[in-house]
Protein chains: 2
Amino acid sequence: MEEILPALSTLGGRKRRGEGHTRRDEILAAAKELFLEEGYAATTIRKIADRVGVSAPALYLYFSDKEAIMLALCDQTFGFLIEEMSSIDREGLKPRESLRACGRAYIKFGLEHPREYWLTFMSGNTPKHIKDRGHKPEEIDATKPGATGAIAFAKLVEQLKAAEAAGVKLKYPADTAAELCWMGLHGLVAALINNPEFPWTKRDELIDGMLDMVTEGIMA
Amino acid sequence: MEEILPALSTLGGRKRRGEGHTRRDEILAAAKELFLEEGYAATTIRKIADRVGVSAPALYLYFSDKEAIMLALCDQTFGFLIEEMSSIDREGLKPRESLRACGRAYIKFGLEHPREYWLTFMSGNTPKHIKDRGHKPEEIDATKPGATGAIAFAKLVEQLKAAEAAGVKLKYPADTAAELCWMGLHGLVAALINNPEFPWTKRDELIDGMLDMVTEGIMA
DNA sequence: AACGTTAACTTATCAACGGTCAGTTAACGT
DNA sequence: ACGTTAACTGACCGTTGATAAGTTAACGTT
């Protein structure tokens with residue numbers, strides 16, 4: 001029996017030479033589904049492999065270990081946040097509105113990607129390279145996995161410095177103000193995603209309230 | 001050979017009848033050390049048992065599973081916070097100062113017990129019992145493991161309601177205001193202890209700044 | 001001081017986990 | 001047709017949380 005010509009990238013079968021990266025993507029997609037469905041701990045290497053349709057050791061051809069898979073997913077999702085914040089940057093809003101939009105985007109992202117957010121900002125296993133960095137995006141090595149969180153933070157800092165340059169009076173030095181602002185946003189996101197079943201009052205009011213609190217809190 | 005009378009509570013040996021609770025305490029102490037040293041995931045039932053000096057299954061005489069051990073430790077930690085907040089309550093300060101003192105105590109507690117704070121508030125293993133509770137202390141069943149977290153939060157809510165009753169105008173309903181306030185404080189503590197090597201600006205300024213931000217943010 | 005009860009504890013064992021090893025298969029250049 | 005090697009597999013390792021079944025020793029009762 002002669003096989004028909006396989007598609008360039010088969011889903012179930014063996015990959016053709018040089019197309020391992022498509023398998024890598026399949027693994028990421030399956031892992032993302034499972035992480036979101038069952039959580040990190042409950043998602044096993046074998047379950048991911050089963051869903052992809054390969055053996056468990058095959059995953060180790062593309063990722064060094066389980067955490068590396070999650071890390072890659074984090075960077076992937078954080079990329080969207082950075083994109084969104086950049087696009088807000090480009091809209092040319094007034095400083096106050098731009099900061100507010102950025103903050104809202106940040107919160108929205110955290111609430112829509114709680115696990116990725118938790119892993120990069122609350123896991124306590126934060127890789128060392130996202131710490132001890134400057135506050136400018138270009139000072140951060142974006143190629144290192146896990147660096148995207150720091151980039152997102154740096155974007156916020158730049159927003160504030162731009163606002164200051166545009167004449168907005170800040171109650172604190174820009175760095176301090178940015179840190180306070182981020183802490184407020186982070187506190188909201190962290191609280192909501194770590195206690196999703198707590199009887200919080202209206203979520204939208206909390207978001208607007210926090211945005212008011214941080215903008216009023218740092219701008220004179 | 002006749003044994004000498006054993007001490008009421010032996011450390012290494014078998015417990016006398018009715019003194020199982022001392023073994024329970026030993027397990028909690030050992031587990032706390034290990035959780036703080038190596039984290040939740042890396043702390044195994046066997047390591048805890050080894051440190052206590054008993055076999056692994058012995059732990060299941062006192063705790064239903066691994067998470068139950070952590071649950072008990074959470075309550076222990078929250079207990080200190082509640083005590084401190086209550087003592088501030090009793091000082092009879094003016095509403096604004098009382099709230100500020102509570103907030104400062106909360107931050108101080110978090111920064112002085114970073115690992116315990118992380119364990120109870122950020123570990124991601126937050127047990128279900130501390131969620132889905134009312135906002136009044138008396139509505140919370142303190143005997144349920146994990147309920148102490150809700151009690152600590154309820155204290156804050158009451159603080160705010162007392163302030164409101166004393167004539168202080170709030171920008172939001174007391175519940176919402178309390179949540180925003182706690183989120184700000186938590187954001188500060190979480191950021192500082194989870195990224196201790198980040199080049200934060202002056203810590204004291206951040207603390208005072210956050211206290212200003214939350215008090216001004218929720219009080220008219 | 002012997003007996004029965006049972007709290008306290010152990011040994012043996014389980015299935016499932018993350019991960020490694022030593023191959024095997026198949027796609028491709030030559 | 002052949003050799004190389006990317007892509008992949010089956011068998012296996014040590015460890016994990018947890019359970020089952022049996023053992024030991026403390027104590028009240030007689």
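As a basis for the values below, the full set of heavy atoms in this structure was taken, side chains included, without hydrogen atoms, waters or symmetry mates. Chain identifiers are assigned alphabetically (A, B, ...) following the order of the sequence lines, protein sequences preceding nucleic acid strands; residue numbering begins at 1 within each chain.
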[X] has an atom [atom1]; how far is it from atom [atom2] of [N], in whole Å?
| X | N | atom1 | atom2 | value |
| --- | --- | --- | --- | --- |
| A:Arg24 | D:dC8 | CZ | C1' | 18 Å |
| A:Tyr62 | C:dG19 | OH | P | 18 Å |
| B:Glu26 | C:dA8 | CD | P | 12 Å |
| B:His21 | C:dC9 | NE2 | P | 12 Å |

*Without hydrogens or angle criteria, can the side chains of A:Trp182 and A:Tyr106 be said to hold a donor-acceptor pair below 3.5 Å?*
yes
*asked:* Any donor-acceptor pair under 3.5 Å linking the side-chain atoms of B:Thr22 with those of B:Lys15?
replied: yes
_If you compare every side-chain N and O of B:Arg16 against the phosphate oxygens of D:dC27 (OP1, OP2), does one of them come in below 4.0 Å?_
yes
*asked:* Counting only side-chain nitrogens and oxygens, does A:Arg23 get under 4.0 Å of the OP1 or OP2 atom of D:dA6?
replied: no
*What about B:Arg17: does its side chain form a donor-acceptor pair under 3.5 Å with the base of D:dA26?*
yes
*Side-chain heavy-atom pair B:Ile45, B:Asp65 within 4.5 angstrom cut-off*: no
*Do nucleotides 12-23 of chain D as a string where each nucleotide becomes B, S or -: B if the base has a protein heavy atom under 4.0 Å, S if just the sugar-phosphate does, - if no protein is that close.*
----BBBB----
*What base-paired stems does DNA chain C take part in, with at least 3 consecutive Watson-Crick or G-U wobble pairs and both distances under 3.5 Å?*
C:1-30 with D:1-30
*Within a reach of under 6.0 Å around CZ of B:Phe80, are more than 12 heavy atoms found that belong to other residues, nucleotides or ligands?*
no
